[in-house]
Amino acid sequence: AIMGSSQGFQGDHFLAGWIGGASSVVVGHPLDTVKTRLQAGRSYRNSLHCMISIYRRETVAGFFKGMSFPLASITVYNSVVFGFFSNAQRAISRYRHGDERHPCSMWDLTAASALTGLVSVGLGAPVDLVKIRLQMQTQTVLAENLHLAGNVANGTNIPLSAVSGPGPRLYRGPLHCISSILQAEGLPGLYRGAGAMVLRDVPGYVLYFIPYTFFCNLLKPEGSSNPHPCSIWLAGGLAGSISWVTATPADVVKSRLQADAQQSRKFRGILHCIAVSYRSEGAQVFFRGASVNAVRGFPMSATMFLTYELSLQFFRAL
């Protein structure tokens, strides 16, 4: 289980996190695209309207836009998150109780989760930035403030009515996107929105790992040391939904800061983004995509935790 039992630094958690991450990306990416467009754009009435619009304009492929990059990067990201979390728990137990196998208290778990959230931003901020820039490439209504208009998947041109003068060309792919950002803005450009990501991920991971542990213990059969796969799936899904819904306001701010391309920058920082968004769209803007986050969070996290735990059991049986 997520509470490691054997001594020393554990590499199997990193590998299990890698496998879990890959499976969760495939399950969650279509709804992640919907969430990003809802949060950063204004042209959609609701989640269903957004889905229908993407399907009509770009077919099924539109939902998987930019997936190759998250598939490669989120697997590494989840590997770091789960590997760091399990080793952080052991380090805290060793420091506080003199034995790394000592069961963690709720405070220990909270500390390990918050530290994991903080560390995750170092790797996660550039990953999210590139993913969002690639997902936003075919936003028609956002063309005027993102200058990211160009060709859609089927090769027809998006009308550039709102754009004055030609916008810069589209990113050809993840590597081209990274190099373009580095050339234009340097390394800080890759960490645009990182502050909002810290505000999202530190409480977000506390509300991810603690509910998971709680539900796993609650659903565990009497006298059994390992929870049933169905319990892991349900506990992981519930934890994912709780974590994502509570993280939505910070996630909206982060998405807007990251989608804010340099050529037509609208937001000076976190507080300016909050103020401008609130003035123009009201308080409800900070819960945009919350329903998508709740729906998407369940299968993604359920798949993530189940694959992670089953992979760990497999490695330990070898």
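Note that this is a predicted model, so its numbers are computed, not measured. Counting from 1, the numbers follow the sequence of the chain as shown.
No salt bridge links K266 with D260; every basic N to acidic carboxylate O contact stays at or beyond 4.0 Å. A salt bridge links D128 with K254; the closest basic N to acidic carboxylate O contact falls under 4.0 Å. For the pair R37 and E58, the salt-bridge criterion is met [side-chain N within less than 4.0 Å of a carboxylate O].
Counted by atom type alone, S277 and R256 present one or more donor-acceptor pairs between their side chains at under 3.5 Å. Between the side chains of S105 and D108, a donor-acceptor pair is found at a separation under 3.5 Å.
Ring centroids of F298 and W233 are separated by less than 6.0 Å, placing the two rings close together.
Under the side-chain hydrogen bond (donor to acceptor under 3.5 Å, both in side chains) criterion, H228 pairs with no residue at all, not counting sequence neighbours. For S243, the side-chain hydrogen bond (donor to acceptor under 3.5 Å, both in side chains) criterion is met by no residue, not counting sequence neighbours.
Clustering ILVMFWY residues whenever any of their side-chain heavy atoms sit less than 4.5 angstrom apart, transitively, puts V202 in a cluster other than the one holding W244. Two different hydrophobic clusters hold V27 and L234 under the rule that ILVMFWY side chains link at heavy-atom gaps under 4.5 Å. Hydrophobic clustering places V60 together with L71 (ILVMFWY residues linked when any side-chain heavy atoms are closer than 4.5 Å, directly or through intermediates). A single hydrophobic cluster is seen to contain both M304 and F215, as judged by linkage of ILVMFWY side chains at heavy-atom distances under 4.5 Å, directly or through other members. Y212 and L219 fall within a single hydrophobic cluster, where Ile, Leu, Val, Met, Phe, Trp and Tyr side chains are chained together by heavy-atom contacts under 4.5 Å.
Every pair passing side chain to side chain donor-acceptor pair (under 3.5 Å) that includes a residue from residues 294-304 is listed here, sequence neighbours excluded: D32-R296, N293-R296.
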For this session: Start with the C-alpha distance between R94 and D99, add both sets of side-chain angles, then the distance that settles salt bridge (charged side-chain N to carboxylate O under 4.0 Å, His left out), and finish with yes or no.
Result: CA-CA 5 Å; R94 187 165 60 241; D99 179 9; over 6 Å; no
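Atom CZ of F82 and atom CZ of F209 lie 4.5 Å apart (nearest 0.5 Å). One distance of note links OG of S47 with CG of L38; it measures 5.0 Å at 0.5 Å rounding. Taken to the nearest 0.5 Å, the NZ atom of K35 stands 6.0 Å off from the CD1 atom of I132. Here the OG-CZ distance, from S93 to R101, works out to 11.0 Å after rounding to the nearest 0.5 Å. Between the CZ atom in F14 and the CD1 atom in I19 there is a gap of 14.0 Å [rounded to 0.5 Å]. We find the CD1-CH2 distance between I210 and W107 to be 9.0 Å, quoted to the nearest 0.5 Å.
Under the 3.5 Å distance criterion, the side-chain polar atoms of D201 are left unmatched by any main-chain donor or acceptor of G204. For Y208 (side chain) and S113 (main-chain N/O), no donor-acceptor pair under 3.5 Å exists by modelled atom type. Between the T116 side chain and the A112 main chain, a donor and an acceptor come within less than 3.5 Å of each other. With S24 contributing its side chain and M300 its backbone, the two residues share no donor-acceptor pair below 3.5 Å. Side chain of R288 to backbone of V252: no donor-acceptor contact under 3.5 angstrom is found. Looking only at distances, no side-chain donor or acceptor of D251 sits under 3.5 Å from a matching main-chain atom of A247. Within the 3.5 Å criterion, the main-chain N or O of Y55 finds no donor-acceptor partner in the side chain of T59.
Within a 6.0 Å radius of CG in L218, other residues, nucleotides and ligands contribute more than 12 heavy atoms. In this structure, F315 places its CZ atom where more than 12 heavy-atom neighbours from other residues, nucleotides or ligands lie under 6.0 Å away.
Between G20 and S23, the shortest heavy-atom distance links the atoms O-OG, 2.8 Å. Between V245 and A294 the shortest heavy-atom distance is CG2-CB, 3.4 Å.
Residues I54 and C50 have side chains in contact (heavy-atom distance under 4.5 Å, counting atoms from C-beta outward).
The aromatic rings of F64 and H29 lie parallel to each other, their planes meeting at an angle below 30°, with 60° marking the opposite boundary.
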